[in-house]
Amino acid sequence: MAMNRNKAESRIHELHAALRHHDYLYYVKDQPEISDSEYDGLFQELRELEDQFPDLVTPDSPTQRVGGVPLDDFTKIRHAAPMLSLDSDQAEDALRRFDERVRRTLGASRVDYVVEPKLDGASVELVYENGILTRASTRGDGTVGEGITDNVRTIAAIPLRLRSVGAKPPAFLAIRGEVIMRIAAFEELNEMLLVEGKSPFANPRNAAAGSLRQLDPQVTAARPLDIYLYDVLAGEGTSLQTQWDVLGALASWGLRVNDLPRRISSVDDIVDYHMDLQARRDDLEYEIDGVVVKLDDIAAREVLGATSHHPRWAFAFKFPPRKEITRVLKIVPSVGRTGVVTPGALLRPVELGGVTVSRANLHNREEVARKDIREGDLVRVQRAGDVIPQVLERVAEPGRRRGHPFRMPSHCPSCGSELVERGPFTVCPNSYQCPAQLAARLEHFASRDALDIEGLGEETAKLLVNQGLVRRLPDLFELEPGDLVRLEGFATKSASNLVAAIEHSSAVDLHRFLYGLGIPEVGVTVAKTLATHFRSLEALRRSSGAELESIDGVGPKMAEQIESFFSDARNDSILDDLLAGKIMVVEGAGGEGTALQGLKFVFTGALQRMTRRQAKELVESLGASVVSSVSRETDYVVVGTDPGSKYDKAIAVGVTTLSEDGFIDLLHDSGVEV
Ligand code: IVH
């Protein structure tokens, strides 16, 4: 129904504010308050109103993120203040010299520093005028960069309009930050590029920088970029006196600020911070390559000054590089879970940032040919996060005789089937019987983002398959400690631990289960999208290619793969067997903040429709907990058959009791289908 213009205008304002607020909660605070579908509803309402009244569309409207048209070239943008680089070193000595110089020059007995992670991404300048994002540029030569405004607008974590709930942002504000790509997103992007026959990015930094420098903003929009802001280059009328205040001010304007910075005042604390972050480096979701130390007091920075390249008040205390040169001993093809045969390089072991590496990924035969890597070559390898290192390039050795160019085998190294070529990939077509494929699928099924079965990694998966203990995924849930103790490397304790871990994993959220199935093209993100859309495995199994394709984030190729996965009778039978009492897929749980948040459950007696462990997982997935004894603090006692004394206690202290059916009803009410 058409709305009158005045009403529409005020509703549009309301929707802008609401969507901005929810973007902020989601992207900056990481604490959404509404579901994705509620958000989509608001967004759709705004779209429709803007369609009716196109003149009410403003550049800061949440619908206008992907509005830019492809460019022929980037415009040049002069930065509001020079974007300097940092003096850097890995040596503690160099850090101590930096600190001494600061203390000597300032003549102060006490000096505060802010230490921050050195984010490995692409440095950008953002300019907000009257709170609205008006331009963005790359660092360029530090004085002039390339205009990437339309691209930057597509990054959801960057507000198009600043918040002004606390201190109002200045009328003119130029800020600096690092655009990054998270490691998981980087991996997914590379997989996709490879599927499309394109070259993958060497590391998340190149992926971030390359995605920003796209002439077509649509391409940038499809890349999962993120940002952390850390500096004010120019701010009209701001009186920020310390770096600590800068970070606080940026956060108060609704900008994403990293949560690792600390304020400290001794060089020993800097060294501790550096060691601590280095130890945690592989656990972070993004790449960092050191610690940035900044003099906290902004006025005092003037006293120290700068060279033409870098300020004397800041220092990058770097980590040892995760890029090294080593030799390729052998190139061996290995078969992955989708049957794709990937050439891998066995390397002369080399230390990459604290980890000894002896294998690296070469992706596919075209990549090997493109980089011209042969056995015996010297190569540069790099590691990001805890993922498999990559061979970046060959290091030329003039005058050295080289081996033969690599050739893919004609038959599968695992099952002997004749290999087939699909685009840039060489594939083993024996999907269901090839032991290597099954072992890789099993490993994936058990991996952290899937069922998260502790103790079931690559080696164990291979062992289980090669010893014939697992011929299909459902066999996993039949394993008993007795089967495992016979295997090499297993003792009584590790065998029962693994069986317990498998059982523990058997109540699993829908999106984890979907990801774990290893459907080609379905990574963590798509699995979540599918789970949110369908809310139940059955609905997904019944869906059509057309419905799949209509989902935002699911392309035609993906839809085809998903459809063909679920229409394969062999997959059907595997799924049916998994669901027949082995696995309980937790469906429809919104994940965040749910109805049972904080409640305490006690179970007594035997349950018929699930195991205790599954019940516990379900309850915990809804934010509640299971306790072992009944008290007045208990919220519910779930009573199965042959209950024990806990039932009497519940009656005595007046705690609500539930039958198993009542418990299941309660789960239903919380949006979980069991
Ligand atoms: S401050 C004058 N802080 O490191 C101060 N830079 O080699 C300049 N970087 O180009 C930058 N994380 O892209 C600063 N927390 C952080 C940083 C950071 C990463 C990058 C930045 C710069 C490079 C210097």
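Only a predicted model underlies this, so the values are computations on that prediction, with no experimental measurement involved. Both ligands and their constituent atoms are indexed starting at 1 by order of listing.
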Would you say Val292 touches ligand 1, if touching means a heavy atom closer than 4.0 Å? yes
Which ligand 1 atoms does Pro311 reach within 4.0 Å, using its non-hydrogen atoms? 2 (C)
Check whether the side chains of Thr134 and Glu129 place a donor and an acceptor atom closer than 3.5 Å, and report yes or no. yes
Short list, please: which atoms of ligand 1 are under 4.0 Å from a heavy atom of Leu84? 8 (C)
Under the salt bridge (charged side-chain N to carboxylate O under 4.0 Å, His left out) test, which residues partner Glu367, sequence neighbours left out? Arg370, Lys371
Is it the side chain, the backbone, both or neither of Leu86 that has a heavy atom closer than 4.0 Å to ligand 1? both
Can you tell me if Pro117 has a non-hydrogen atom under 4.0 Å from ligand 1? yes
Starting at CG of Leu295, measure out to CD of Gln243 and round the result to the nearest 0.5 Å. 10.0 Å
Ion pair present between Lys318 and Asp89, side-chain N to carboxylate O less than 4.0 angstrom? no
Near Leu119, which atoms of ligand 1 are under 4.0 Å from a heavy atom of that residue? 12 (N), 19 (C)
For Ser88, is the nearest heavy atom under 4.0 Å from an atom of ligand 1? no
Using heavy-atom distances, let me know which of Lys118, Arg176, His310, Met83 sits nearest atom 10 (O) of ligand 1. Arg176
Give the atoms of ligand 1, by number and element, whose distance to some non-hydrogen atom of Glu116 is under 4.0 Å. 3 (N), 15 (N), 16 (C)
Arg163 NZ/CZ over Tyr24 ring centroid, <6.0 Å and within 45° of normal: yes
For ligand 1, note which part of Lys294 has a heavy atom under 4.0 Å away: side chain, backbone, both or neither. side chain
